[in-house]
Amino acid sequence: EPSSDEERCPGGRSRSGEPPDVESPQPAHNGAMPVTMRDLVLRYAADPQWAPAIATEMTAAIHRELPELHADEEVARGTYASTESVVTLFIDRVVHEQPLTDVEPPDAAIAFARDLVRSGLPLDVLLRSYHIGQATFFERWVTDVRATLDDPADVAQVVQESAASTFAFVRTLDGGL
């Protein structure tokens, strides 16, 4: 195992060909290989506060745009639990290179949907919350990508890949509810 970053080859692999540990991901760019969405998910997810911070931002945006979800305390708590579970599922699928279009909604997301039904809120509120959450996630993601990458071609490639991936992921989750 290499002892320093200098001993890593392009793509974050060690000279022996081993990929980097998930705990200490290396960005894949040195001018020779394009950066991927997965490279950055690995990097950002290494910070244990990254996913909860995004889930908090997403929940706040959902509650701003759909105040009816904030009116009921149980539903308000469920919004965060659902959002955090979806973000965690997304990260897990990307990190483990599993398809984003072969997923079921997490238990917390299903419980959130049930809470909405019990509260008498229509299904379109639930679907709208997913779209608001996805838009908030993507806006934050693009900001993080731009702050991380210097090469405009890498930024464009990662943003394009991420747009297709996140939209497909949310569309799949919407269908599972």
Side-chain angles (χ1 to χ4, degrees), residues 22 25 35-149 155-177:
V22 172
V35 177
T36 66
M37 178 182 75
R38 182 174 183 273
D39 294 328
L40 295 182
V41 168
L42 286 167
R43 180 177 180 167
Y44 300 151
D47 174 359
Q49 296 305 310
W50 185 71
I54 288 178
T56 298
E57 284 180 41
M58 293 165 65
T59 300
I62 291 165
H63 287 170
R64 265 193 314 276
E65 292 195 39
L66 298 170
E68 60 267 41
L69 294 180
H70 195 64
D72 181 298
E73 192 174 315
E74 186 175 336
V75 172
R77 280 192 309 271
T79 307
Y80 178 81
S82 175
T83 301
E84 183 180 42
S85 71
V86 168
V87 169
T88 300
L89 176 62
F90 176 79
I91 291 168
D92 186 61
R93 301 294 289 195
V94 171
V95 165
H96 294 98
E97 299 182 276
Q98 297 172 331
L100 293 171
T101 56
D102 183 24
V103 294
E104 295 292 324
D107 290 343
I110 293 169
F112 176 63
R114 287 185 183 134
D115 288 345
L116 290 183
V117 169
R118 275 184 241 147
S119 297
L121 294 169
L123 179 62
D124 66 323
V125 171
L126 175 65
L127 297 176
R128 179 82 179 118
S129 74
Y130 268 73
H131 296 163
I132 294 165
Q134 193 269 335
T136 303
F137 174 89
F138 194 71
E139 186 176 306
R140 165 71 183 268
W141 174 259
V142 170
T143 298
D144 289 351
V145 168
R146 287 183 175 147
T148 302
L149 302 176
V155 171
Q157 188 277 326
V158 170
V159 168
Q160 183 177 12
E161 176 189 9
S162 303
S165 297
T166 60
F167 279 100
F169 178 71
V170 170
R171 194 172 33 250
T172 300
L173 290 178
D174 281 355
L177 297 171

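Using a 4.5 Å heavy-atom cutoff, the side chains of Val145 and Val142 are not in contact. Side-chain contact between Ile91 and Tyr44 is absent, with no heavy-atom pair separated by less than 4.5 Å. A 4.5 Å side-chain heavy-atom check between Phe138 and Val159 finds at least one atom pair inside the cut-off. Side-chain contact between Phe112 and Pro106: absent, with no pair of heavy atoms (C-beta onward) separated by less than 4.5 Å. Residues Gln98 and Asp102 form no side-chain contact, since every pair of their non-hydrogen atoms from C-beta on lies 4.5 Å or further apart. Side-chain contact between Leu100 and Phe167: absent, with no pair of heavy atoms (C-beta onward) separated by less than 4.5 Å.
Considering OG1 of Thr148 and CG of Leu40, their distance stands at 6.0 Å, rounded to 0.5 Å. Distance check: Leu89 CG to Leu173 CG gives 6.5 Å after rounding to the nearest 0.5 Å. In this structure, OG in Ser162 is found 11.0 Å from CG in Asp144, a value given to the nearest 0.5 Å. One distance of note links OG1 of Thr136 with NE2 of His131; it measures 12.5 Å at 0.5 Å rounding. The CZ atom of Arg93 lies 10.0 Å from the OG1 atom of Thr172; values are rounded to the nearest 0.5 Å. To the nearest 0.5 Å, atoms OG1 (Thr166) and CZ (Arg171) are separated by 9.5 Å.
The environment of Glu139 atom CD is sparse: at most 12 non-hydrogen atoms of other residues, nucleotides or ligands sit within 6.0 angstrom. Around CG of Asp92, the count of heavy atoms belonging to other residues, nucleotides or ligands within 6.0 Å exceeds 12.
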Give every donor-acceptor pair under 3.5 Å between a side-chain atom in residues 52-61 and any protein atom, sequence neighbours left out.
| residue | atom | partner | partner atom | Å |
| --- | --- | --- | --- | --- |
| Thr56 | OG1 | Pro52 | O | 2.8 |
| Glu57 | OE2 | Arg140 | NH1 | 2.2 |
| Thr59 | OG1 | Ala55 | O | 2.8 |

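Electrostatic pairing of Asp115 and Arg118 counts as a salt bridge here, judged by a charged N lying under 4.0 Å from a carboxylate O.
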Should Val158 and Asp39 be marked as a side-chain contact (heavy atoms from CB on, under 4.5 Å) after you check the CA-CA gap, both sets of side-chain angles, and the distance that decides it?
CA-CA 9 Å; Val158 170; Asp39 294 328; over 6 Å; no
Could you walk me through whether Trp141 and Val41 satisfy the side-chain contact (heavy atoms from CB on, under 4.5 Å) test, starting with their C-alpha distance in whole Å, then the side-chain angles of each, then the deciding distance to 0.1 Å, before giving a yes or no?
CA-CA 10 Å; Trp141 174 259; Val41 168; 3.6 Å; yes
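Among residue pairs with one or both ends in residues 119-129, those qualifying as side chain to side chain donor-acceptor pair (under 3.5 Å) are Glu65-Arg128; sequence neighbours excluded.
Ring geometry for His63 against His70 counts as tilted: the plane angle lies between 30° and 60°, on a 0 to 90° scale.
Scanning for ring pair (Phe, Tyr, Trp, His ring centres under 6.0 Å) contacts around Phe90 gives Phe137, Phe169, with sequence neighbours left out.
No side-chain donor-acceptor contact under 3.5 Å links Ser82 to the backbone of Gly78. With hydrogens and angles ignored, the 3.5 Å screen pairs a side-chain donor or acceptor of Glu161 with a backbone N or O of Met37.
Across all non-hydrogen atoms, the minimal contact from Ile110 to Pro105 is CD1-O, 3.6 Å.
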